[in-house]
A.B. asks: 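One structure follows; several queries about it will come next.
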Amino acid sequence: MAHPYTAEFVEFCRNNIHIQGTTSVYHSLPICIIDCVYSLRTKYKSVTVPIVHRYADTYLNGNVMDTDDNLSLFLEHMNHCGLQYFSDKVVCNHQKLGGIPKEEICYKIATYLKCLNINTLAEFRDYSHPELLEIVLNGIKGFGDAGVNYLFMLAGDTSRCKPDVHIHRSIRDACGNDVTNDECQVIFTEAVAEMQTEHPNLTVRDLDFAVWSHYRI
């Protein structure tokens, strides 16, 4: 049985949301982690994007789509320069999540994933127990459900949305009520299935990006 808000949400999207096509993804797991963590509770275009480029300028010859970057190199960089220097001179950002510096959250994510024998983006994407990944990532203080889902999305998972303020607002605007994070996933998944009649290649991640773009403006 479909979620009771799905039909209203589909109608809202058809009338208000511009579907922009398939979204691109990175090829570097460290870049995904940085984009994810430094996008939480801040302005994406003016804050997050420059941070991603500063990291790439420092370690990847400016190539944010580098295919050789991995967590071993990422941790080597951070251990060599120290987290304070990484914050001061590499990303040039001192924001916190839940009182925890964002560079520390990045370091913990990379460390925990390495403990699961994940080093590359492909290994993250193809990990045989994604539910274990979610448990481990959700256990990192300051890194909540929206961050976990967004990291999976950046790594290539097209079946998820990031249940942040914009996603919740879109459902509230469409239906008059807010829902849980899990319900956001259900509504977006069902909406995409219905909207594929006019957008055959639409994914949940694509709809998330279209909604995010609408509310960002």
Side-chain angles (χ1 to χ4, degrees), residues 1-26 32-33 35-49 52 95 97-98 105 124-125 127 129-217:
M1 181 180 295
H3 192 282
Y5 290 162
T6 297
E8 290 176 274
F9 183 67
V10 168
E11 186 66 19
F12 173 83
C13 289
R14 284 172 170 159
N15 292 332
N16 298 279
I17 304 300
H18 173 61
I19 305 301
Q20 303 176 52
T22 303
T23 53
S24 61
V25 294
Y26 300 116
C32 290
I33 293 171
D35 185 305
C36 179
V37 172
Y38 283 96
S39 72
L40 298 173
R41 300 180 189 173
T42 194
K43 295 180 179 180
Y44 187 78
K45 292 292 185 181
S46 61
V47 177
T48 309
V49 172
V52 169
Q95 293 176 330
L97 292 171
I105 294 174
F124 181 95
R125 186 183 296 134
Y127 196 71
H129 299 289
E131 68 282 356
L132 175 59
L133 287 183
E134 293 195 41
I135 292 171
V136 170
L137 293 170
N138 270 304
I140 298 174
K141 185 176 179 181
F143 194 60
D145 191 46
V148 172
N149 280 286
Y150 187 45
L151 181 57
F152 273 89
M153 291 163 64
L154 288 171
D157 191 335
T158 62
S159 67
R160 297 171 183 251
C161 69
K162 173 188 176 185
D164 63 4
V165 61
H166 293 326
I167 298 305
H168 279 275
R169 181 182 172 188
S170 70
I171 294 174
R172 190 166 57 247
D173 286 349
C175 312
N177 292 293
D178 201 0
V179 296
T180 66
N181 286 350
D182 287 341
E183 286 179 290
C184 286
Q185 301 287 355
V186 171
I187 292 170
F188 266 66
T189 299
E190 292 177 348
V192 165
E194 186 164 341
M195 293 172 68
Q196 283 176 338
T197 55
E198 62 263 42
H199 302 285
N201 298 317
L202 183 67
T203 67
V204 176
R205 187 179 64 188
D206 294 336
L207 182 58
D208 174 285
F209 180 74
V211 168
W212 176 85
S213 297
H214 174 79
Y215 282 97
R216 178 181 61 85
I217 295 172

A.B. asks: Within the side chain of Asp206, is there an N or O that forms a donor-acceptor pair under 3.5 Å with the backbone of Leu202?
C.D. replies: no

A.B. asks: Do Ile19 and Leu207 come within less than 4.5 Å of each other through their side chains, counting heavy atoms only?
C.D. replies: yes

A.B. asks: With sequence neighbours excluded, give me every ring-ring contact (aromatic ring centres under 6.0 Å, His included) pair touching residues 186-207.
C.D. replies: Phe9-Phe188

A.B. asks: For a quick check under 3.5 Å, do Ser213 and Gln20 share a side-chain donor-acceptor pair by atom type?
C.D. replies: yes

A.B. asks: CD1 of Ile33 to CD1 of Ile105: how many Å apart, nearest 0.5 Å?
C.D. replies: 12.0 Å

A.B. asks: Backbone N or O of Ala210 within a donor-acceptor pair of the His18 side chain at under 3.5 Å?
C.D. replies: no

A.B. asks: Quick one: closest heavy-atom pair of Ile167 and Lys162, and the distance?
C.D. replies: CG1-O, 2.9 Å

A.B. asks: Any idea which heavy atoms bring Val179 and Cys184 closest together, and the distance?
C.D. replies: CG2-SG, 3.8 Å

A.B. asks: If I take atom NE2 from residue His3 and atom CD from residue Glu183, how far apart are they, to the nearest 0.5 angstrom?
C.D. replies: 3.5 Å

A.B. asks: Would you check if Pro130 and Phe152 make a side-chain contact, meaning some heavy-atom pair closer than 4.5 Å?
C.D. replies: yes

A.B. asks: Under a 3.5 Å threshold, yes or no: a donor from one side chain and an acceptor from the other, between Tyr215 and Asp164?
C.D. replies: no

A.B. asks: Just how far is it from atom CD of Gln95 to atom OG1 of Thr48, taken to the nearest 0.5 Å?
C.D. replies: 7.5 Å

A.B. asks: If I compare all heavy atoms of Gly147 with all of Cys36, which pair ends up nearest, and what's the gap?
C.D. replies: O-SG, 3.1 Å

A.B. asks: May I ask you to test the Thr189-Ser159 pair for a side-chain heavy-atom distance under 4.5 Å?
C.D. replies: no

A.B. asks: Output, in order, the C-alpha distance, side-chain angles, deciding distance and verdict of side chain to side chain contact (heavy atoms under 4.5 Å, CB included) for His168 and Asn181.
C.D. replies: CA-CA 8 Å; His168 279 275; Asn181 286 350; 2.7 Å; yes

A.B. asks: Do Arg169 and His214 come close enough that some side-chain heavy atom pair is under 4.5 Å?
C.D. replies: no

A.B. asks: Please name the pair of heavy atoms, one in Met195 and one in Arg14, separated by the smallest distance, quoted to 0.1 Å.
C.D. replies: CA-NH2, 4.1 Å

A.B. asks: Are Val52 and Tyr38 packed together at the side-chain level, in the sense that at least one heavy-atom pair is separated by less than 4.5 angstrom?
C.D. replies: no

A.B. asks: Do the side chain of Arg172 and the main chain of Asp178 share a donor and acceptor less than 3.5 angstrom apart?
C.D. replies: no

A.B. asks: Do any side-chain atoms of residues 132-143 form donor-acceptor pairs under 3.5 angstrom with protein atoms, and if so which ones, sequence neighbours left out?
C.D. replies:
from: Glu134; atom 1: OE2; to: Arg160; atom 2: NH1; distance (Å): 3.4
from: Glu134; atom 1: OE2; to: Arg160; atom 2: NH2; distance (Å): 2.8
from: Asn138; atom 1: ND2; to: Glu134; atom 2: O; distance (Å): 3.0

A.B. asks: Heavy atoms, side chains only, cut-off 4.5 Å: are Ile171 and Phe12 in contact?
C.D. replies: no

A.B. asks: Mark yes or no for whether Asn149, through its side chain, and Asp145, through its backbone, hold a donor-acceptor pair below 3.5 Å.
C.D. replies: yes

A.B. asks: Rounded to the nearest 0.5 Å, what's the gap from CG on Leu40 to CG on Leu97? Could you check?
C.D. replies: 5.5 Å

A.B. asks: Side chains of Val192 and Thr203, heavy atoms from C-beta outward: is any pair under 4.5 Å?
C.D. replies: no

A.B. asks: Applying salt bridge (Lys or Arg N to Asp or Glu O under 4.0 Å), can you list everything that pairs with Glu8, at least two apart in sequence or on another chain?
C.D. replies: none

A.B. asks: Is a donor on one side and an acceptor on the other found under 3.5 Å between the side chain of Thr42 and the backbone of Ser39?
C.D. replies: no

A.B. asks: How about CZ on Arg41, more than 12 heavy atoms from neighbouring residues, nucleotides or ligands closer than 6.0 Å, or not?
C.D. replies: no

A.B. asks: Are any of the side-chain heavy atoms of Arg205 and Val25 separated by less than 4.5 Å?
C.D. replies: yes

